[in-house]
Amino acid sequence: MEFSNRHSLFSVLFFVSTILVQHFAAVNSIGVNYGTLGNNLPPPAQVAQFLKDKTTIDRVKLFDVNPDILRAFAGTGIFVAVTVPNGEIPNLVNMKNARRWVGDNIKPFYPQTKINYILVGNEVLHWGPQNLIDNLVGAMKALHNALIRSGIQGVNVTTAHALSILESSDPPSLAKFRPGWDKGDLAPILQFLRQTKSPFMVNPYPYFGYSPEKADFALFKPNPGVTDKYTKKLYTNMFDQLIDSVYTSMKKLGYGDVEIAVGETGWASAGETFEPKCTIPNAASYNGGLVKKYNQGTGTPLLPGRKFETYIFALFNENLKPGSFAERNFGLFQPDFTPVYDVGIMRGTAGVPDQHIPTPTPSVPTPLLPVPKPPTQGNKKWCVPKAEATDAQLQSNIDYVCSQGGMDCRPVQANGACFNPNTVRAHASYVMNSWYQSKGRNDFDCDFSGTGAITSSDPSNGSCSFLS
């Protein structure tokens with residue numbers, strides 16, 4: 001009995017200490033997304049040593065489970081979040097498969113590598129298809145139970161969401177999740193996160209909401225701010241507005257107590273001719289302002305004093321990323337570790353300067369896709385398939401868009417104005433653009449799991465007129 005009591009006391013103390021360590025570690029420093037879509041990136045061991053020795057970054061988020069990276073970060077003290085590829089989600093609902101996945105991808109590296117999250121997919125609700133959405137919570141639960149059965153503590157299971165989960169975000173007081181996703185999908189996710197004390201992870205990008213008249217508001221620059229007339233709260237930046245919109249939506253579902261984490265946010269430092277917002281000064285202003293805000297711990301108008309675990313997108317400029325030129329220029333560093341600009345994360349620096357932001361000329365990689373000609377019809381943009389997208393991928397895009405209520409796919413059906421040429425690619429081009437235009441022409445609405453690209457050249461042909 002005496003041994004049992006001592007053992008129980010030890011277990012309680014160990015559990016409490018684990019929770020305390022996790023809690024304080026979670027608010028230590030800002031994190032970064034470590035992508036690997038480049039053929040000139042440094043070896044993971046060099047990356048780990050650089051982050052540990054030269055920067056204040058104490059956590060990275062991966063878009064896969066890369067064993068070389070997990071080995072490289074062993075013993076560094078840097079937290080590593082890993083991601084289950086979207087396509088593996090249905091398979092992991094099965095407990096046997098979930099335990100095998102944990103055994104193959106987590107146990108060999110933990111605790112030498114401080115794995116803190118397993119993200120089950122990325123922006124699953126936004127991209128679908130429905131089969132992945134339907135199995136998301138089941139896979140999260142199975143992986144959580146597999147961790148417990150494997151004796152692994154301190155690794156939380158969550159998933160990251162694009163802000164297309166919101167029906168509106170302006171003003172924050174009227175924000176709410178999209179009908180259908182709210183109670184059907186997000187409530188079960190939030191219930192799981194509450195039970196497991198895991199954060200609700202979102203990817204807020206003021207970058208996608210940028211307009212010239214809102215430039216200062218988006219870039220953390222001085223501005224008069226915007227007052228929410230219902231709460232009387234003053235917002236001086238778009239990031240706070242988006243976070244409070246998420247919080248309001250969670251609260252309306254009854255989950256205002258669940259922590260919020262920022263899985264991705266960032267700004268491109270270079271882009272196409274039709275992307276004038278993509279400059280080094282803008283990227284330095286946004287990411288520098290974000291770091292400064294994080295370090296100050298000011299929170300948001302609805303969540304004052306709250307420090308949100310945050311991962312900047314991205315660590316490196318990645319020269320093999322598909323999409324527009326901007327996609328290859330979200331990095332804080334060039335592959336040779338040269339900073340693209342200063343945001344105040346290098347050891348020995350006081351932070352991003354408030355004025356005279358340095359504007360070094362970046363080492364720009366050659367685009368994989370031809371740079372589109374300047375727009376010939378104002379600033380109109382269209383969404384079209386990438387050249388390398390397969391017919392199977394494009395057919396999946398058609399099936400998804402046309403299964404959504406309110407989307408009119410009759411023009412690509414027999415006798416429709418856009419039926420000819422009768423090819424999957426031609427039909428997908430019309431359908432993908434219709435989705436992009438109807439959702440507000442946000443860049444992320446043309447991603448389609450990496451198969452869509454934005455163009456300034458009107459793809460309309462003959463009697464087939466594309467929306468713009």
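None of the values given here were measured: they were computed from a predicted structure.
Between M346 and K54 the shortest side-chain heavy-atom distance falls below 4.5 Å. Inter-residue side-chain proximity for N105 and I118 is flagged as unmet; no heavy-atom pair is nearer than 4.5 Å.
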Legend entry - L51 and L315: CA distance, side-chain angles, deciding distance, side-chain contact (heavy atoms from CB on, under 4.5 Å) verdict: CA-CA 10 Å; L51 293 179; L315 180 55; 4.0 Å; yes
Legend entry - Worked verdict on V82 versus Y117 for side-chain contact (heavy atoms from CB on, under 4.5 Å): CA-CA 6 Å; V82 300; Y117 293 115; over 6 Å; no
Inset, instruction - Could you check F444 against Y205 for ring-ring contact (aromatic ring centres under 6.0 Å, His included), going step by step and ending with a plain yes or no? - result: CA-CA 10 Å; F444 56 77; Y205 275 95; 8.0 Å; no
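Applying side-chain hydrogen bond (donor to acceptor under 3.5 Å, both in side chains) to K293 and the options T310, T300, D240 leaves one that passes, D240.
For the 3.5 Å distance criterion, the side chains of Y341 and N287 qualify, holding a donor opposite an acceptor. N122 and T83 share no side-chain donor-acceptor pair at under 3.5 Å. Of the N and O atoms on the side chains of S468 and D458, not one donor lies less than 3.5 Å from an acceptor on the other residue.
Here ring-ring contact (aromatic ring centres under 6.0 Å, His included) pairs that include residues 220-244, with residues two or more places apart or in two chains, are F220-Y286.
For the pair E259 and K197, the salt-bridge criterion is not met [side-chain N within less than 4.0 Å of a carboxylate O]. A salt bridge does not link K233 with D244: every distance from a Lys NZ or Arg NE/NH1/NH2 to an Asp or Glu carboxylate oxygen is 4.0 Å or more.
A218 and M238 get closest at one heavy-atom pair: CB-CE, 4.0 Å. Here the closest heavy-atom approach between residue A268 and residue F330 is recorded as N-CE2, 3.5 Å.
Under the side-chain contact (heavy atoms from CB on, under 4.5 Å) criterion, P188 pairs with V137, not counting sequence neighbours.
Counting only distance, with no hydrogens or angles, the side chain of S285 and the backbone of L219 share a donor-acceptor pair below 3.5 Å.
Relative to the six-membered ring of Y207, K277 meets both conditions, a distance below 6.0 Å and an angle of at most 45° to the axis.
More than 12 heavy atoms of other residues, nucleotides or ligands sit less than 6.0 Å from atom NZ of K252.
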